[in-house]
Structures are given as C-alpha cells and as structure tokens.
Amino acid sequence: MFNYSIDTLISKEEIALKVKELARLIDEDFKGEKVLLIGLLRGSVIFLSDLARELETEATLDFMVVSSYGNEMESSRDVKIKKDLEEDVRGRNVVIVEDIIDTGNTLKKVMEILMTRDPKTIKICTLLDKPERRETEISIDYTGFKIPDEFVVGYGIDFAQKHRTLPYIGIVKKEEEQKDEK
Ligand code: IMP
Ligand code: MG
C-alpha cells in the first residue's frame with residue numbers, strides 16, 4: 001500500500017446542482033410516465049438516492065450487483081450477475097444509474113442483458129464519465145461530469161471499500177515516498 005491524499009475535484013455543492021439538472025432532464029423525457037431506476041451496487045447508491053429524491057417522475061427503485069473481471073487470455077471482459085433485479089423490466093422505462101463509466105465494459109454488458117428482457121425504453125445516467133478510458137462504444141443519455149483519467153473516490157465511489165461516504169468527489173493522489181535524510 002502507498003500513502004495518498006485526496007484532493008477535491010467536485011464539491012458537494014456542485015454535485016447537488018448537477019443532480020438537480022439531471023433530474024430535470026429525466027423529468028422532461030418521461031413526462032407523465034413512470035421510470036424504473038436501476039442502481040448498480042454499491043457505487044451508485046448515494047447518487048441514486050439523491051437523484052431519486054429530485055425527480056418529479058414517479059420512480060421504482062431496484063438494484064443489481066455485477067462483477068467484472070479481465071480475462072487475460074482473451075483480453076476481453078466478462079460480466080457476471082451476482083445479484084439480479086427483483087423487478088420485471090418488460091414494458092418499463094428503465095434508467096440505469098451508474099457512479100462512473102470508465103472502459104464502458106460493465107455497462108455495455110448490463111445493457112445487453114437488460115435488452116433481452118424487453119424494456120419499453122432503456123437509458124443510462126452516470127454521475128461521472130472518463131471518456132479517455134473508453135474501450136467500447138456506449139451511448140450515455142445523462143452525464144453529470146466528464147472527468148480526466150484520474151482515480152476518484154467519494155459520493156459512493158470507493159478505493160478498496162474506503163471513502164464511499166465522502167460528500168464530495170476527490171482525486172486520489174499518490175504521495176512520494178519519504179526519503180530518509182541521514
Ligand atoms: P467500466 O466502465 O466497466 O470500466 O467500469 C466502471 C466501474 O469501475 C465503476 O462503476 C467503478 O466501480 C469502477 N471505477 C472506474 N473508475 C473508478 C475510479 O476512478 N475510482 C473508483 N472506481 C472506479
Ligand atoms: Mg461501479
């Protein structure tokens with residue numbers, strides 16, 4: 001393990017404003033209809049909770065746990081469902097809510113799986129997007145912030161299960177090793 005500090009990238013106030021903006025966009029798109037918000041555990045929980053409370057659109061909440069791991073032999077990613085939805089998505093307006101989209105591989109697979117279940121519509125809402133890291137094309141309907149290729153934590157996002165409860169988004173900065181001056 002290395003020493004690190006956390007520098008604020010996006011403040012609590014900036015996040016709150018953005019969440020309101022995203023909620024207004026979703027409300028515009030689903031006037032009078034209902035949505036099923038699907039959060040991917042655990043990273044999206046805090047974002048989803050705030051977003052859901054800003055929506056005027058009637059929403060049902062459900063959650064999935066997926067695990068992705070690299071298959072070094074094939075240099076492709078496989079995504080397994082570790083906990084599936086409780087809700088039936090058939091004929092529903094689905095909005096997948098994600099904390100951060102990086103390579104895009106996780107969301108791509110989740111989209112493929114959900115598409116086979118015949119939703120009426122399916123959209124993606126992510127708080128953060130790291131476009132430089134994308135490995136697969138994915139169309140994002142609602143994006144909070146595009147960020148540079150840095151490792152971030154906070155507002156649900158972890159580093160080895162730590163820092164999810166920070167109210168802001170911070171960049172993990174590795175600190176130079178202390179050299180002993182003798
Ligand atoms: P991907 O788009 O399939 O590469 O995976 C996105 C997932 O990787 C996110 O939902 C996070 O769980 C994790 N992730 C990507 N970037 C970061 C980061 O900067 N900090 C913490 N987790 C990250
Ligand atoms: Mg995640």
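Note that ligands are numbered from 1 as they come in the structure, with each ligand's atoms numbered from 1 the same way. Sequential numbering from 1 along the given sequence is applied to the chain's residues.
Every atom of ligand 1 with a heavy atom of D158 under 4.0 Å away is listed here by number and element: 21 (C). Near K130, with a cut-off below 4.0 Å to any heavy atom, the atoms of ligand 1 are 16 (N), 17 (C), 18 (C), 19 (O). Ligand-side atoms of ligand 1 in range of E98: 10 (O), range being under 4.0 angstrom from any heavy atom. Close contacts of ligand 1 with E150, meaning ligand atoms under 4.0 Å from a residue heavy atom, involve 19 (O). When each atom of ligand 1 is checked for a heavy atom of V152 under 4.0 Å away, the hits are 18 (C), 19 (O), 20 (N), 21 (C).
Screening residues 140-157 for side-chain hydrogen bond (donor to acceptor under 3.5 Å, both in side chains), with sequence neighbours left out, gives D29-Y142, D50-Y155. For residues 24-63, no residue pair satisfies the ring-ring contact (aromatic ring centres under 6.0 Å, His included) rule, not counting sequence neighbours.
Every heavy atom of G43 sits 4.0 Å or more from the atoms of ligand 1.
Atom CD1 of I38 and atom CD1 of I122 lie 6.5 Å apart (nearest 0.5 Å).
By the 3.5 Å distance cut-off applied to N or O atoms, L107 is not counted among the residues near ligand 1.
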- Item | side-chain hydrogen bond (donor to acceptor under 3.5 Å, both in side chains) evaluation trace for T136 with N105 | CA-CA 6 Å; T136 178; N105 291 317; 4.9 Å; no
- Task: Take Y4 and H163, measure what ring pair (Phe, Tyr, Trp, His ring centres under 6.0 Å) needs, and give me the verdict at the end.
- Result: CA-CA 12 Å; Y4 61 93; H163 312 303; 5.7 Å; yes
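Contact annotation: the side chain of D62 approaches that of L36 to within less than 4.5 Å [non-hydrogen atoms, C-beta and beyond].
In this structure, of I100, L41, V79, the residue bringing a heavy atom nearest to atom 14 (N) of ligand 1 is I100. With I157, L127, T106, V153 as candidates, the residue nearest to atom 5 (O) of ligand 1 on a non-hydrogen basis is T106.
Remark: K174 is positioned above the aromatic ring of F2, its terminal NZ or CZ atom under 6.0 angstrom from the ring centre and at most 45 degrees off the axis.
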